[in-house]
Amino acid sequence: QVQLVESGGGLVQAGGSLRLSCPASGRTFSRYGMGWFRQAPGTEREFVATISWSGGNTAYADSVKGRFTISRDNANNTVYLQMNSLKPEDTAVYYCAATPRQYGSSYRLQYDYWGQGTQVTVSS
């Protein structure tokens with residue numbers, strides 16, 4: 001069992017930055033690939049970024065590549081999402097999630113555990 005709690009969301013102007021954090025409970029955090037997804041009103045939850053068990057492999061959605069960075073600290077059971085150069089279209093509820101897949105995944109159905117989400121709003 002893994003419990004996830006996101007934090008760090010808020011209101012920011014376009015071009016600004018935010019850092020999301022997601023500490024996880026459980027002693028097997030290092031055996032879960034981690035991912036970030038987001039969901040805007042009236043849309044499906046979409047993939048943002050994923051990271052492997054060790055943190056050595058990452059993947060990003062094209063819409064955030066070069067602006068967002070996913071990282072993890074296995075000693076502190078936490079995954080992060082650094083978001084720079086934010087745009088109004090990045091406005092959404094952001095969720096972290098855990099999958100047993102070693103290299104993470106971009107498919108939300110392959111994730112077993114989800115946090116409750118944190119709101120990110122980017123004003124123009």
Checklist entry - For the side chain of Gln82 and the backbone of Arg19, is there at least one donor-acceptor N/O pair under 3.5 Å apart? => result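 Judged by distance alone, no pair lies under 3.5 Å.
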
Checklist entry - Do you see a donor-acceptor pair shorter than 3.5 Å between the side chains of Asn84 and Ser17? => result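 Result is yes, a qualifying pair exists.
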
Checklist entry - Between Val48, Thr69, Thr118, which is the residue that forms a side-chain contact (heavy atoms from CB on, under 4.5 Å) with Leu81? => result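 The side-chain contact (heavy atoms from CB on, under 4.5 Å) with Leu81 is passed solely by Val48 among Val48, Thr69, Thr118.
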
Checklist entry - Taking atom OH of Tyr103 as the centre, does the number of heavy atoms from other residues, nucleotides or ligands within less than 6.0 Å exceed 12? => result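 Not buried by this count: 12 neighbours or fewer within 6.0 Å.
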
Checklist entry - More than 12 non-hydrogen atoms from neighbouring residues, nucleotides or ligands closer than 6.0 Å to CD on Gln3, yes or no? => result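 Count not over threshold, so no.
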
State, to 0.1 Å, how close [X] and [Y] come at their nearest heavy-atom pair, and which atoms those are.
X: Ala24; Y: Val2; value: CB-CG1, 4.0 Å
X: Val12; Y: Leu86; value: CG1-CD1, 3.6 Å
X: Arg72; Y: Ser52; value: NH1-O, 2.8 Å
X: Ala14; Y: Ser124; value: CB-CA, 4.4 Å
X: Pro100; Y: Gln110; value: CD-O, 4.1 Å
X: Val79; Y: Met34; value: CG1-CE, 3.8 Å

As an exercise, state the distance from [atom1] of [X] to [atom2] of [Y], rounded to the nearest 0.5 Å.
X: Tyr32; Y: Tyr113; atom1: OH; atom2: OH; result: 4.5 Å
X: Leu4; Y: Ser21; atom1: CG; atom2: OG; result: 12.5 Å
X: Glu46; Y: Ser63; atom1: CD; atom2: OG; result: 5.5 Å
X: Gln1; Y: Ser25; atom1: CD; atom2: OG; result: 7.5 Å
X: Asp90; Y: Arg67; atom1: CG; atom2: CZ; result: 4.0 Å
X: Asn57; Y: Ile70; atom1: CG; atom2: CD1; result: 11.5 Å

Next on the checklist: What verdict does the side chain to side chain contact (heavy atoms under 4.5 Å, CB included) test give for Arg101 and Trp53, after you've listed the backbone C-alpha separation in whole Å, the side-chain angles of each residue and the deciding distance to 0.1 Å?
Outcome noted: CA-CA 8 Å; Arg101 293 181 171 267; Trp53 289 1; over 6 Å; no

Checklist entry - Checking side chain to side chain contact (heavy atoms under 4.5 Å, CB included) for the pair Thr50/Thr58: CA distance, chi angles, key distance, verdict? => result CA-CA 6 Å; Thr50 190; Thr58 58; over 6 Å; no

Next on the checklist: What verdict does the side chain to side chain contact (heavy atoms under 4.5 Å, CB included) test give for Thr78 and Phe29, after you've listed the backbone C-alpha separation in whole Å, the side-chain angles of each residue and the deciding distance to 0.1 Å?
Outcome noted: CA-CA 8 Å; Thr78 302; Phe29 176 76; 5.6 Å; no

Next on the checklist: Is there a continuous path of hydrophobic side-chain contacts, each under 4.5 Å between heavy atoms, that joins Trp36 to Val93?
Outcome noted: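 Cluster IDs for Trp36 and Val93 differ.
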
Checklist entry - Phe68 vs Tyr94 aromatic rings, parallel, tilted or perpendicular, using cut-offs 30° and 60°? => result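 Aromatic pair Phe68/Tyr94 classed tilted.
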
Checklist entry - Quick one: does Val5's side chain get under 4.5 Å of Gln116's, heavy atoms only? => result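 The answer is yes, as the side chains (C-beta and beyond) meet within the 4.5 Å cut-off.
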
Next on the checklist: With a 4.5 Å cut-off on side-chain heavy atoms, are Phe47 and Ser105 touching?
Outcome noted: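 No. Closest side-chain heavy atoms not under 4.5 Å.
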
Item to check | Stepwise side chain to side chain contact (heavy atoms under 4.5 Å, CB included) check, Met83 with Val120 | outcome: CA-CA 10 Å; Met83 305 186 295; Val120 171; 3.8 Å; yes

Checklist entry - Is the distance between the ring centroids of Phe37 and Tyr111 less than 6.0 Å? => result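 Phe37 vs Tyr111: aromatic centres under 6.0 Å.
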
Checklist entry - Think Arg108 forms a cation-pi with Trp114, using NZ or CZ under 6.0 Å from the six-ring centre and within 45 degrees of its axis? => result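 That pair does not qualify as a cation-pi contact.
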
Item to check | cation_pi(Arg38, Tyr95) dist<6.0 Å, angle<=45 | outcome: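 No, a cation-pi geometry is absent between Arg38 and Tyr95.
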
Checklist entry - Salt bridge or not for Asp62 and Lys65, using N-O below 4.0 Å? => result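 A salt bridge links Asp62 with Lys65.
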
